J.: 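Can you keep this structure in mind? I'll have questions shortly.
In each ligand, atom 1 is the first atom listed, and ligand 1 is the first ligand listed. All values reported here derive from a predicted model rather than from experimental measurement.
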Amino acid sequence: MKIQDEIAVLKVQRNAIILAHNYQRPEIQDVADFIGDSLDLSMQARETDAAVIVFCGVDFMAETAKILSPEKTVLMPVRDATCPMAHQLTAVMITEAREAHPEAQVVLYINSTAEAKARADAICTSANAVNVVRSLPAEEILFGPDCNLASYVQALIPEKKIIPVPPGGHCYVHEAFDQQDLEDARKRGGLIICHPECRPEIRAGADVIASTGGMVRSATDARVWNVFTEREMSYRLKTLYPDKTFHAKEEAVCTDMKKTRLKDLCLSLRNMQYEVTIDPKTMAGARTALEKMIRIGR
Ligand code: 13P
Ligand code: SF4
């Protein structure tokens, strides 16, 4: 039996749904039930009737699914698929920042550990960061771990003071986009769409700034796009819009997003591995902050 067929059979037997992030390998996207950005995936995890969620992405995404759907079994096909940026912010850093800024409220990017989330007032994704920050009464906002997303929010909400925690947290994949990429894209033609995790000077040179879900929605606006985010986003866009052209940066690869392969997904369903577990206290704290984000939506 083909591995894709075995996955389909096991999925029915387990009453499972396969959720995959837009950066997953093409062959994983092809067997997924739902593909999306961090916000779409969180909402899907919360709403599904399936008993088992197999999460093809990185650990903070699977943890979020477990926190929002604690009664479900959440599996990660690869145990050590993680987001290096999430680990740039520790729970201790948040406690120290709160002590230094007692009037401030804490908004954390969903790309953070469950322990950090449990210490936040609200969570956001790149799709709703501006709306989440606006919804809070505090004038000072401690925002982490991505300093580029923090500066993006600051530019759109000048009336508040956004303090990045830590000061230089970033994603290595998006940080690598540079002036040469902008110049190359302009020479090639088409519009430039970039993720808010890119540096401010790259965002300033782009035509559209959007989460990966926002990129899917914006793609209808032009025929040729230069996509400044992880490489596999272009596979997703090309699948949805086969008549359009999407230029990716070949080297823009998130190593952890690429760890999940079809054989890992098949083994995950066959052996029910690896189950995501979070201690109840962390789970309760993180859920309060995540539910605030869900109420605000996109
Ligand atoms: P999105 O929520 O826009 O998909 O971003 C997730 C991510 O990890 C970006 O690097
Ligand atoms: Fe983390 Fe960057 Fe990978 Fe997204 S692309 S999961 S932010 S390392």
J.: Tell me whether ligand 2 is touched by E230 - counting only heavy atoms on the residue side and a distance under 4.0 Å.
T.: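 Not so, E230 does not reach ligand 2.
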J.: Which ligand 1 atoms does H195 reach within 4.0 Å, using its non-hydrogen atoms?
T.: 1 (P), 3 (O), 5 (O), 9 (C)
J.: Taking non-hydrogen atoms only, is T125 closer than 4.0 angstrom to ligand 1 via side chain, backbone, both or neither?
T.: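 Under 4.0 Å from ligand 1, T125 contributes no heavy atoms.
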J.: Kindly assign one of parallel, tilted or perpendicular to the pair F177 and F228, based on the angle between their ring planes and the thresholds 30° and 60°.
T.: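 If you compare the ring of F177 with that of F228, the planes turn out parallel.
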J.: With E6, which of R270, K11, K263 fulfils salt bridge (Lys or Arg N to Asp or Glu O under 4.0 Å)?
T.: R270
J.: Considering residues, nucleotides and ligands other than E47, do more than 12 of their heavy atoms fall under 6.0 Å from its CD?
T.: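 Yes - once you tally the heavy atoms of other residues, nucleotides and ligands closer than 6.0 Å, there are more than 12.
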J.: If only side-chain N and O atoms count, and only distance matters, is there a donor-acceptor pair under 3.5 Å linking S151 with R203?
T.: yes
J.: Going by the atom numbers of ligand 1, which of them fall below 4.0 Å from some non-hydrogen atom of S211?
T.: 3 (O)
J.: Which atom pairs, donor and acceptor, lie under 3.5 Å between side-chain atoms of residues 247-255 and protein residues at least two apart or in another chain?
T.:
{"residue": "K249", "atom": "NZ", "partner": "A176", "partner atom": "O", "Å": "3.2"}
{"residue": "K249", "atom": "NZ", "partner": "D181", "partner atom": "OD2", "Å": "2.8"}
{"residue": "T255", "atom": "OG1", "partner": "Y172", "partner atom": "OH", "Å": "3.1"}

J.: Students should be able to answer this: which protein heavy-atom is nearest to atom 1 (Fe) of ligand 2, and at what distance?
T.: C83 SG, 2.4 Å
J.: Which value, rounded to the nearest 0.5 Å, describes the distance between R188 atom CZ and E183 atom CD?
T.: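 Answer rounded to 0.5 Å: 12.0 Å.
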J.: Which atoms of ligand 1 are found less than 4.0 Å from any heavy atom of Y23?
T.: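 Those of ligand 1 that fall under 4.0 Å from Y23 are 7 (C), 9 (C), 10 (O).
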J.: How far does CG of D5 sit from SG of C266, to the nearest 0.5 angstrom?
T.: 10.5 Å
J.: Does one side chain, of Y23 or T229, offer a donor that lies under 3.5 Å from an acceptor on the other?
T.: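 Per modelled atom types, Y23 and T229 side chains form a pair under 3.5 Å.
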J.: So which heavy atom in the protein is nearest atom 2 (Fe) of ligand 2, and how far is it from that ligand atom?
T.: C171 SG, 2.3 Å
J.: Applying a strict 4.0 Å limit to heavy atoms, is M257 in contact with ligand 1?
T.: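 No heavy atom of M257 comes that close to ligand 1.
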J.: Taking the basic N atoms (NZ, or NE/NH1/NH2) and the acidic carboxylate oxygens, is any pair closer than 4.0 Å for D256 and K259?
T.: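 Counted as a salt bridge, because a side-chain N and a carboxylate O are separated by less than 4.0 Å.
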J.: Any sub-3.5 Å donor-acceptor pair from R236's side-chain atoms to E232's backbone N or O?
T.: no
J.: May I ask you to list the atoms of ligand 1 that are less than 4.0 angstrom from any heavy atom of S126?
T.: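 Every atom of ligand 1 under 4.0 Å from some heavy atom of S126: 1 (P), 2 (O), 3 (O).
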J.: Look at atom 3 (Fe) of ligand 2 and say which protein heavy atom is nearest, naming residue and atom and giving the distance to 0.1 Å.
T.: C254 SG, 2.4 Å
J.: Which of the atoms of ligand 2 are close to M85, meaning less than 4.0 Å from one of its heavy atoms?
T.: 7 (S)
J.: Looking only at protein heavy atoms, which one is nearest to atom 8 (S) of ligand 2, and how far off is it?
T.: P84 CD, 3.5 Å
J.: Which option wins on minimum heavy-atom distance to atom 6 (C) of ligand 1: G36, S38, C198?
T.: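 Shortest heavy-atom distance from atom 6 (C) of ligand 1: S38.
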J.: With heavy-atom distances below 4.0 Å as the criterion, list the atoms of ligand 1 near N111.
T.: 7 (C), 8 (O)
J.: With a 4.0 Å cut-off, would you call R186 and D207 a salt bridge?
T.: yes
J.: Which option wins on minimum heavy-atom distance to atom 1 (P) of ligand 1: T212, L41, D40?
T.: T212
J.: Does ligand 2 have an atom that lies less than 4.0 angstrom from a heavy atom of H21?
T.: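 Not so, H21 does not reach ligand 2.
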J.: Looking at ligand 1, would E230 count as a contact under a 4.0 Å heavy-atom criterion?
T.: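 Per 4.0 Å heavy-atom rule, E230 does not contact ligand 1.
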J.: Got a list of side-chain donor-acceptor pairs under 3.5 Å for residues 211-224, not counting sequence neighbours?
T.:
{"residue": "S211", "atom": "OG", "partner": "D37", "partner atom": "OD2", "Å": "3.0"}
{"residue": "S211", "atom": "OG", "partner": "G213", "partner atom": "N", "Å": "3.3"}
{"residue": "S211", "atom": "OG", "partner": "G214", "partner atom": "N", "Å": "3.0"}
{"residue": "T212", "atom": "OG1", "partner": "N22", "partner atom": "ND2", "Å": "2.8"}
{"residue": "R217", "atom": "NH1", "partner": "G213", "partner atom": "O", "Å": "3.4"}
{"residue": "S218", "atom": "OG", "partner": "G214", "partner atom": "O", "Å": "2.9"}
{"residue": "T220", "atom": "OG1", "partner": "R217", "partner atom": "O", "Å": "3.4"}

J.: With a cut-off of 4.0 Å, which atoms of ligand 1 are near a heavy atom of E197?
T.: 7 (C), 9 (C), 10 (O)
J.: Can you tell me which portion of N111 lies within the under-4.0 Å heavy-atom range of ligand 2? Options are side chain, backbone, both, or neither.
T.: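 Just the side chain.
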